[in-house]
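I have placed the structure first, in the form of structure tokens, so that the comments after it can refer back to it.
In the text below, chain A, chain B and the rest are named by the order of the sequence lines, each starting its count at 1.
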Amino acid sequence: MIEIKDDWCKGCGICIERCPVNALEESDKLNKKGIHPARLKEKNECNFCRLCELICPDLAITVIPDEEVKKDAKKILLSPTGGKNK
Amino acid sequence: MPEVRTADKLKKKYLREEMWPTIFCNGCGNGVVLDYAFWAIEELDLDMDKTVFVSGIGCSSRLPGYINADGLHTTHGRSIAFATGIKAANPDLNIIIFTGDGDCTGIGGNHFIHAARRNIDVTVILINNFTYGMTGGQLAPTAPLGSIATTAPYGNIEHPFDICELAKALGANYVARWSVTYPYQPIKSVKEAIQKKGFSMIEFLSPCPTAYGRRNKLGDIKKHWKWYDDNTILIEEYNKIMEYGTDEEKEKIKNKIQLGVFQDIEKPGFFEQYEKLVERLQTKKDKGMKK
């Protein structure tokens with residue numbers, strides 16, 4: 001599940017552009033500022049990678065993995081350990 | 001303390017929500033840098049009562065106002081000078097400086113180079129958007145050759161500053177450059193920089209669609225963000241291609257901006273040296289008294 005605070009969103013569309021599985025879209029309703037905030041598509045393949053949460057300039061997105069997924073998922077490390085990008 | 005694993009909990013812990021939303025324009029990268037700093041601080045579990053955020057003047061220097069911790073909003077370019085004072089008065093504090101390219105290298109260039117030379121134990125997060133965004137897009141010392149600004153309407157003819165090379169030459173302990181468009185490496189880098197003793201600097205390449213992108217015809221927000229993907233290259237890859245690549249490949253990457261960790265060394269800082277000096281002189285004095 002993805003929670004988006006509609007009144008914090010400025011409608012830059014970066015989350016929609018950057019989503020690797022193309023799971024976000026502009027919604028029909030207007031928010032306080034008069035823009036169309038982002039929302040999750042009804043049919044989506046969101047796998048809770050949390051890229052939109054990290055990259056949102058207005059911190060409006062919160063990703064909450066579903067309960068079933070949560071059991072299987074290992075502890076998510078934000079930064080990769082090792083590798084060439086030290 | 002409950003484990004923070006969602007952005008909602010993170011915001012409640014670190015953000016002054018009454019100040020939100022930010023004053024930043026649509027598509028600005030400053031908010032992203034704040035987010036990365038929050039995640040790095042959360043992973044380090046830093047004590048916010050012992051952390052001070054210092055900033056100068058500019059768009060990027062608004063960031064400490066949004067953090068629920070002690071902050072100091074100082075005069076233009078003098079953020080590093082004030083931070084040196086804080087560190088001298090209370091060496092237990094962690095100091096994180098948010099500064100912009102015009103603030104740090106334009107007007108405060110001397111403070112920056114001397115703090116790096118003395119190796120003072122602060123973390124500088126420099127947000128580079130190639131322009132003076134807050135005052136309307138004047139020419140910054142980091143603007144690339146040929147770029148257009150309000151004070152350079154026919155194109156910039158000055159060679160730009162390479163901040164990372166400068167800090168490297170001055171012997172800063174940790175120097176890195178990242179683009180805000182990739183989230184994972186910068187968070188790790190900010191973490192390392194905060195942990196590092198001595199002067200550590202991270203330069204973030206941040207889009208400024210209003211003052212820079214619009215004048216330089218870089219397109220809308222999405223195209224401008226993509227520009228940062230197309231025109232940057234990892235330093236390891238760059239070195240590899242420069243060594244073994246063909247002429248065609250070399251020509252392709254010649255003008256790209258390098259990203260990565262440029263320097264990671266251990267060097268004693270100013271305050272460690274100062275403590276040693278005081279200790280040495282005191283033992284000398286004690287010996288003299290005994291005689």
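- Side-chain atoms of B:K11 come within 3.5 Å of backbone N or O of A:L59 as a donor-acceptor pair.
- Looking at B:L15, the atoms closer than 4.5 Å to chain A (heavy atoms on both sides) all sit in the side chain, from C-beta outward.
- The two atoms that bring A:D7 and B:P21 nearest to each other are O-CG, 4.5 Å, heavy atoms only.
- For B:C28 against A:P57, the heavy-atom pair with the smallest separation is O-CB, 3.6 Å.
- If you measure heavy-atom distances from A:C9 to chain B, you find no contacts under 4.5 Å at all.
- Using a 4.5 Å cut-off between heavy atoms, B:W225 contacts chain A through both its backbone and its side chain.
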How far apart are the C-alpha atoms of A:L51 and B:Y184, what are their side-chain angles, what is the distance that settles it, and do they pass the side chain to side chain contact (heavy atoms under 4.5 Å, CB included) test? CA-CA 9 Å; A:L51 188 77; B:Y184 301 104; 4.0 Å; yes
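- Only the side chain of A:K33 comes within contact range of chain B, judged by heavy atoms closer than 4.5 Å.
- With rounding to the nearest 0.5 angstrom, the CD1 atom of A:I55 is 9.5 Å from the CG atom of B:D35.
- Chain A forms the most heavy-atom pairs under 4.5 Å with one residue out of B:G31, B:G260, B:P186, and that residue is B:G31.
- At least one side-chain heavy atom of A:R18 sits less than 4.5 Å from a side-chain heavy atom of B:T181.
- Although no hydrogens or angles enter the test, the distance criterion places a donor-acceptor pair under 3.5 Å between the side chain of A:K10 and the main chain of B:T22.
- Summarising the local packing, NZ of B:K197 is surrounded by 12 or fewer heavy atoms from other residues, nucleotides or ligands at distances under 6.0 Å.
- From A:I14, atom CD1 reaches atom CG of B:N26 across 7.5 Å, with rounding to the nearest 0.5 Å.
- Proximity to chain A (any heavy atom under 4.5 Å) is shown, for B:F24, by both the backbone and the side chain.
- With no hydrogens or angles considered, no side-chain donor-acceptor pair links B:K9 and A:T62 at under 3.5 Å.
- When the shell of 6.0 Å around NZ of B:K252 is examined, it contains 12 or fewer heavy atoms from other residues, nucleotides or ligands.
- B:L10 is not listed as a side-chain neighbour of A:E53, based on a closest heavy-atom distance of 4.5 Å or more.
- For chain B, the nearby part of A:I61 is the backbone; its heavy atoms alone come within less than 4.5 Å.
- More than 12 heavy atoms of other residues, nucleotides or ligands sit less than 6.0 Å from atom CD of B:E18.
- Within 6.0 Å of atom NZ in B:K223, 12 or fewer heavy atoms from other residues, nucleotides or ligands are found, so the atom counts as exposed in its surroundings.
- Only the side chain of A:E17 comes within less than 4.5 Å of a heavy atom of chain B; its backbone N, CA, C and O stay farther away.
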